[in-house]
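Lettering of chains follows the sequences in order, A, B, ..., and the numbering in each one begins at 1.
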Amino acid sequence: MSRPEPLPTRFDPTAFEDRWYSAWEASGAFSPEAGSDRKPFVILIPPPNVTGKLHIGHALQFTLQDLIIRWRRMQGHNALWLPGTDHAGIATQVMVERELAKEGTTRHALGRDKFLERMWAWKHQYKDNISRQARALGASCDWSRERFTLDPMLSRAVRHAFVELYRQGLIYRADRLINWCPRCLTALSDLEVVHKEVDGGMWDFAYPIDGGGEIVVSTTRPETMLGDTAIAVHPEDERYRGVVGRHAIHPLLGRRIPIVADAVLVDAAFGTGAVKVTPAHDANDFATGERHGLERINLLNDDGTINANGGPLAGLDRFAARKAVLQALGEKGLRRGDKPHRHAIGHCQRCDTIVEPYLSRQWFCAMKSMAEQALHAVHSGEVRLVPEFWVATYENWLENILDWCISRQLWWGHRIPAFYCASGHTSVSEEDLTNCPECGAAVTQDEDVLDTWFSSGLWPVSTMGWPDASPDMAAFYPTSLLITGFDILFFWVARMIMMCKHFTGRSPFAEVHLTGLVRDARGQKMSKTKGNVMDPLDLVHEYGADAVRFTLAALASPGRDLPLDSKRMEGYRAFGTKLWNAARFVGLHLDGTEVSLDALEPARLALPERWLLAELQHAAAAVDRAWGSYRFDEGCREIYRFVWNDFCDWYLEMAKPALLGEGDREKGTGDGARRVEDVRAVARGVLVEALKLLHPVMPFITEEVAAHLGADRGLITASYPRPDGRWADEEARGQVGTFRAVVQGVRSYRHMIGLPANAPLALVIPAAGERMGAALGSLRAEMTRLASLSRLDFGGTVPPSAVRDVAGGLDIAIVLPEGALGEAEIARLKFEMTQIEDELARSRARLADQAFVSRAPADIVTATRERVDELARKAAVLGETLRSTS
RNA sequence: AGGCGCGUAGCUCAGCUUGGUUAGAGCGCUACCUUGACACGGUAGAGGUCAGCGGUUCGAGUCCGCUCGCGCCUACCA
């Protein structure tokens, strides 16, 4: 190793981020071989929609995925992170239609082919954006395997799946009530309908009964009465005993409608106990209609206006029709009251229009059997959800699942591979057909496309080349881990498990980590209207990608939302600066002859070096545990603590006497003597290990710094630190712990008695015991420096003017300057005394309790006794000081 | 209507699975320090009846029950 280039004085992330990303990508480190004999570790990206740029939630997920994949790669796994994007059918189509609207045109005016050209142009633009942003964040995904849901390979998988499910009878076409968006002009699945509480009304009106009398019903949607084909009452409701079987007269349209008894639909205790039945516009009424053989009258055109079945109201918009119906009923004297009513109404997830239950012929996918498989996968442990509390939610949804409406009246997506001929034959085929296989007549393909989530559900297999037995499918399926937001647990995660398990017999991943939502500093949801949106690229430019990543990872406590505060990001940028400067300091003292840690013999090293190496093992073990259990917050905290507290605050400060040539012990050659070349080797070696620990979180700065410290190869493919028992040293940890306590005791005392931080004091440690005395004796120069001592004596006489204290279990005596104790200082000491006495009283009371002493474990009792002992000594010496000054 | 999560320092959060010395972190605050890596720094502090009530236990922030407050998800109550 030659003497490394010194680091620039100023830490500037923009100086090296792009350079390192290009180097990594060019090295091929992101692209695993399918034929490798190393253990695979695979993460599939939740493909971002090509609707726009990435938001902070993507940055979170990219960070966590990259963290894990880099960690596994460094552990020696054949690590694959497969990237890609989703065509996001309706979402993207809505965006492009908005663009067209601004140009004063529509997709229909453009025609299907021209419109799809526009869609592809949009897709290319935004896909490029997304890749750039992912790179800026440092995402180490395998771009050579980048996929898009409409790629030919993936489209073939989608088509194959559709045809298979159709042949298995699990996909079918039917006339059903579906959710219809009158703005998007398409069917929606239940999940794409967002229920929102809205202030509406509840209106009562009377139906005249044929032959006399009336029956009063209530409704929140008066316009639907135009499609009423029955009135239902409860069979056991005495009030309506006489009217069941008779007919009411529709007051606006004149037709006779039956009064039926139905125990399922009607709750006699609710409202008037009589319900109007509109089978074509309400799911409950639809079922009621099936039970009673009622006519289904569809009232609406696809754009939400009333059709010819609405008689005089035809052509009115549904909400205008509501007013018109109410007015007409009023004019006929049939209104029987109204009141405000707050209730949940379904809105289109993409355009927020109120959706209508609408009778329509659509394609459906049967869910029951696949849902059972998906439930089993989680119950058997084949798939593990993290955090586990999501299991209850997952179960609840799958246990109550209904068939899935998969056809969409859109143009952007996978066109349904069904072909119809004039004779009414339907043929479903993986290859395009021109003639009907049954009668030979010309066929036309179904105009509709599939729900975008149908292809998303196949993502784990379609990206690998399924249904072919491809090398990637063999090497990388099933995948290891999925990291995604809890908001798409049903949309995507559950459907992937259902579909992939159905087709391959195996769950698509072993673990699913569900992240929380990124919010602003005050915990508010980010939204464009609130103006509190944070753009990941802006943040990268301002703080550097590493600080953004560290912040997101450190905030990612399991199952919780992340309040993203720029203050926090400043703090972690400062962490980068700290690391940079520490490395700069270490680098300045290297001469290029430093040996590796492996070449060092633990027993030959001095105490600080043995201590630091022992702490490194603890940190490595803690970090390993943290990543392994997806405790990103804990792992980050541990590395931060090790680098800043152990390494910078204590080790580097303890290293200074040796590095700067202070003291005289480094000339010694005996056991425990501190040799400056060991200090250099350990400082450098441990720092490089810390950089490796941190690399998955902060890849750029760690790589840059390691290069300057003369690391033999890039961290991207370095071995991740594992705890090494060779360096375990509890004695060193205990001894340095005492050293730290003494140093802190002196510093603390200095402040308590009002002296400036740099005021020199003399310290006497009368009796430390043999081993501890030797240990502390070997750190004379270090203690003198860190505690700012003018003099340090072990044993010997304690000057009468000294005050005594207890630190780390040791008696110490601090020689004070004349008149150091003024009023304020004495008050401070008295406050200290009350704190000690309070705790002493509590602990003594506990020991006095016979039940505690007899029942608590021995080690707890012993520890309490020792604590009481130390506190009593502290109280005694402090009391003496206070008495002598009064 | 069901289900889930949360309530710990001024703020944002760890800790609760497996109860045990003095309940932690970052930011903010106070005092001191321009020490030859770093003022995006160093040192020392202040600040908490762990939402409330009850129970189990020698011992509860941690386990159990109830109450209050906040958030989210699912749902076909006209």
Side-chain angles (χ1 to χ4, degrees), chain A residues 7 9 11 177 195 202 217-221 232 265-267 270-272 274-278 282-287 343-344 357 387-390 392-393 395-397 400 486-487 489-490 516-517 521-523 554-555 557 559-565 567-568 570-589 631 633-634 637 640-641 648-649 652-653 656 660 744 747-752 754-759 785-786 788 828 831 835-836 838-839 842-843 846 849-857 859-868 871:
Chain A
L7 282 166
T9 315
F11 165 49
L177 266 194
H195 294 275
M202 173 85 84
V217 296
S218 305
T219 183
T220 54
R221 294 190 296 158
L265 178 71
V266 182
D267 172 4
F270 187 91
T272 61
V275 187
K276 61 188 274 309
V277 183
T278 322
D282 179 278
N284 283 323
D285 293 5
F286 182 89
H343 58 147
E388 205 185 345
F389 64 71
W390 285 110
T393 306
E395 285 173 343
N396 186 47
W397 187 71
N400 298 297
F486 66 84
D487 52 323
L489 176 60
F490 305 146
L517 206 67
R522 286 178 305 176
L555 286 175
S557 297
R560 297 207 38 149
D561 287 345
L562 296 78
L564 184 58
D565 189 343
K567 282 278 183 193
R568 192 101 183 216
E570 284 173 22
Y572 293 131
R573 182 181 54 191
F575 177 59
T577 308
K578 184 76 180 175
L579 182 64
W580 185 268
N581 283 306
R584 208 159 59 81
F585 174 72
V586 170
L588 288 174
H589 290 91
R631 287 304 307 260
D633 55 336
E634 282 184 0
R637 242 198 324 275
Y640 183 96
R641 191 200 60 72
C648 292
D649 291 345
L652 286 186
E653 294 305 321
K656 279 178 182 173
L660 302 172
Q744 286 176 319
R747 287 167 172 173
S748 180
Y749 218 95
R750 183 179 355 247
H751 279 265
M752 275 196 286
L755 295 175
N758 53 2
R785 181 185 180 92
L786 293 194
S788 300
R828 186 68 189 76
F831 176 72
Q835 288 191 326
I836 292 170
D838 284 354
E839 198 200 327
R842 277 199 306 277
S843 299
R846 197 170 310 157
D849 183 353
Q850 198 49 45
F852 172 71
V853 178
S854 60
R855 298 209 196 186
D859 57 324
I860 300 292
V861 177
T862 309
T864 308
R865 287 219 171 89
E866 282 168 5
R867 180 66 187 160
V868 162
L871 286 170

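- Comparing G26(B) with U67(B), their C1' atoms are spaced 34 Å from each other, to the whole Å.
- Residue Glu570(A) is out of contact with every strand shown, counting any heavy-atom pair closer than 4.0 Å.
- One C1' atom belongs to A46(B), the other to C72(B), and the distance between them is 37 Å to the nearest Å.
- Within the 3.5 Å criterion, the main-chain N or O of Phe852(A) finds no donor-acceptor partner in the side chain of Arg846(A).
- Taking side-chain N and O atoms only, His589(A) has no distance below 4.0 Å to OP1 or OP2 of A37(B).
- Separating the P atom of U8(B) from that of C50(B) is a span of 11 Å, rounded to the nearest Å.
- Between Arg560(A) atom CZ and G5(B) atom P the separation is 12 Å, expressed in whole Å.
- Nucleic acid contact class of Glu653(A) (heavy atoms, under 4.0 Å, all strands): base.
- For A14(B), the OP1/OP2 oxygens have a side-chain nitrogen or oxygen of Ser557(A) closer than 4.0 Å.
- Side-chain proximity of Val266(A) to A75(B), A78(B), A44(B): nearest is A78(B).
- Taking the six-membered ring where the residue is Trp, Trp580(A) and Phe11(A) present tilted rings, their angle falling between 30° and 60°.
- Residue Arg750(A) places no side-chain atom within donor-acceptor reach of the base of U43(B), judged by atom type and a 3.5 Å distance cut-off alone.
- Residue-level contact check: Arg522(A) touches neither bases nor backbone, having no heavy atom under 4.0 Å from any strand.
- Counting non-hydrogen atoms under 4.0 angstrom, Leu265(A) reaches a base of the nucleic acid.
- When each of C32(B), A78(B), A37(B) is scored by its nearest atom to the side-chain atoms of Ala757(A), the top-ranked nucleotide is C32(B).
- Under the Watson-Crick or G-U wobble criterion, with both distances below 3.5 Å, U74(B) is paired with A1(B).
- Atom name C1', nucleotides G24(B) and C70(B): the rounded distance is 25 Å, in whole Å.
- Residues Tyr749(A) and Leu755(A) have side chains not in contact (no heavy-atom distance under 4.5 Å, counting atoms from C-beta outward).
- Here the nucleotide nearest the side chain of Arg867(A), chosen from C13(B), A78(B), U21(B), is U21(B).
- Side-chain contact between Asp282(A) and Lys276(A): absent, with no pair of heavy atoms (C-beta onward) separated by less than 4.5 Å.
- Rounding to whole angstrom units, CG of residue Leu517(A) and P of G5(B) are separated by 18 Å.
- Counting any heavy atom pair closer than 4.0 Å across all strands shown, Ser843(A) reaches sugar-phosphate atoms only and no base atom.
- Inter-residue side-chain proximity for Leu7(A) and Asn581(A) is flagged as unmet; no heavy-atom pair is nearer than 4.5 Å.
- Across all strands shown, U12(B) forms a Watson-Crick or G-U wobble pair, both distances under 3.5 Å, with A25(B).
- Only the C1' atoms considered, G28(B) is 14 Å distant from C13(B), to the nearest whole Å.
- Between A44(B) and Arg747(A), a contact under 4.0 Å exists linking OP1 or OP2 to a side-chain N or O.
- Between the side chain of Asp565(A) and the backbone N or O of Ala521(A) there is no donor-acceptor pair closer than 3.5 Å.
- In this structure, Phe831(A) reaches the sugar-phosphate backbone alone: every heavy-atom distance under 4.0 Å involves primed, P, OP1 or OP2 atoms, never a base.
- OP1 or OP2 of U34(B) has at least one side-chain nitrogen or oxygen of Asn758(A) nearer than 4.0 Å.
- Across the P atoms, G54(B) and A60(B) are found 13 Å apart, a figure rounded to whole Å.
- Among the protein residues, Phe11(A) comes within range of no part of the nucleic acid, since none of its heavy atoms lies under 4.0 Å from any strand.
- If you measure from atom CZ of Arg221(A) to atom P of A78(B), you get 10 Å, rounded to the nearest angstrom.
- Rounded to an integer number of Å, the gap from Phe389(A) CZ to U17(B) P is 17 Å.
- Using a distance-only test at 3.5 Å, with no hydrogens or angles considered, no donor-acceptor pair links the side chain of Asn396(A) to the main chain of Ala392(A).
- Looking at heavy-atom distances under 4.0 Å, Ala574(A) makes contact with a base.
- When the side-chain nitrogen and oxygen atoms of Arg573(A) are compared with OP1 and OP2 of G26(B), none of them lie within a distance under 4.0 Å.
- Inter-residue side-chain proximity for His343(A) and Met202(A) is flagged as unmet; no heavy-atom pair is nearer than 4.5 Å.
- The phosphate of U74(B) has neither OP1 nor OP2 within less than 4.0 Å of any side-chain N or O from Thr393(A).
- In this structure, Lys578(A) places its NZ atom 10 Å from C1' of C40(B), rounding to the nearest Å.
- Residue contacts shown for Arg846(A) are limited to sugar-phosphate atoms, with no base heavy atom under 4.0 Å away.
- You won't find any donor-acceptor pair under 3.5 Å spanning the side chain of Glu634(A) and the base of A25(B), going by distance alone.
- Contact check, Gln744(A) against U43(B): no side-chain N or O comes under 4.0 Å of OP1 or OP2.
- Summarising the geometry, the separation between NE2 on His343(A) and P on A75(B) is reported as 17 Å, rounded to the nearest angstrom.
- Using the Watson-Crick or G-U wobble rule with both distances under 3.5 Å, U56(B) pairs with nothing in any strand shown.
- Under the Watson-Crick or G-U wobble criterion, with both distances below 3.5 Å, A46(B) is left unpaired in every strand shown.
- If you take atom P in G69(B) and the same atom in C64(B), they sit 22 Å apart, rounded to whole Å.
- The nearest heavy atom of RNA chain B to Cys648(A) and to Met752(A) marks one nucleotide each, and the one closer to the 5' end goes with Cys648(A).
- Among the heavy atoms of the strands lying under 4.0 Å from Pro857(A) is at least one base atom, whether or not backbone atoms are also near.
- Residue Asp649(A) is classed as a sugar-phosphate contact, given heavy-atom separations below 4.0 Å to backbone atoms only.
- Residue-level contact check: Asp267(A) touches the bases, meaning some heavy atom is under 4.0 Å from a base atom.
- Taking side-chain N and O atoms only, Arg865(A) has no distance below 4.0 Å to OP1 or OP2 of U21(B).
- Between Arg785(A) and Leu660(A), the closest side-chain pair of non-hydrogen atoms falls below 4.5 Å.
- Between Lys656(A) and Phe585(A) there is a side-chain heavy-atom pair separated by less than 4.5 Å.
- The C1' atoms of U43(B) and C38(B) are separated by 15 Å, rounded to the nearest whole Å.
- Projected onto RNA chain B by closest heavy-atom contact, Lys567(A) and Gly523(A) fall at different nucleotides, the more 5' of which corresponds to Gly523(A).
- In this structure, CG of Asp565(A) is placed 13 Å from P of C11(B), rounded to the nearest angstrom.
- At a threshold of 4.0 angstrom between heavy atoms, the contacts of Ser748(A) are confined to the sugar-phosphate backbone, with no base atom among them.
- In this entry the distance linking CG of Leu755(A) with P of G45(B) reads 14 Å, nearest Å.
- Summarising the base pairing, G41(B) is matched to C33(B) through a Watson-Crick or G-U wobble pair whose two defining distances lie under 3.5 Å.
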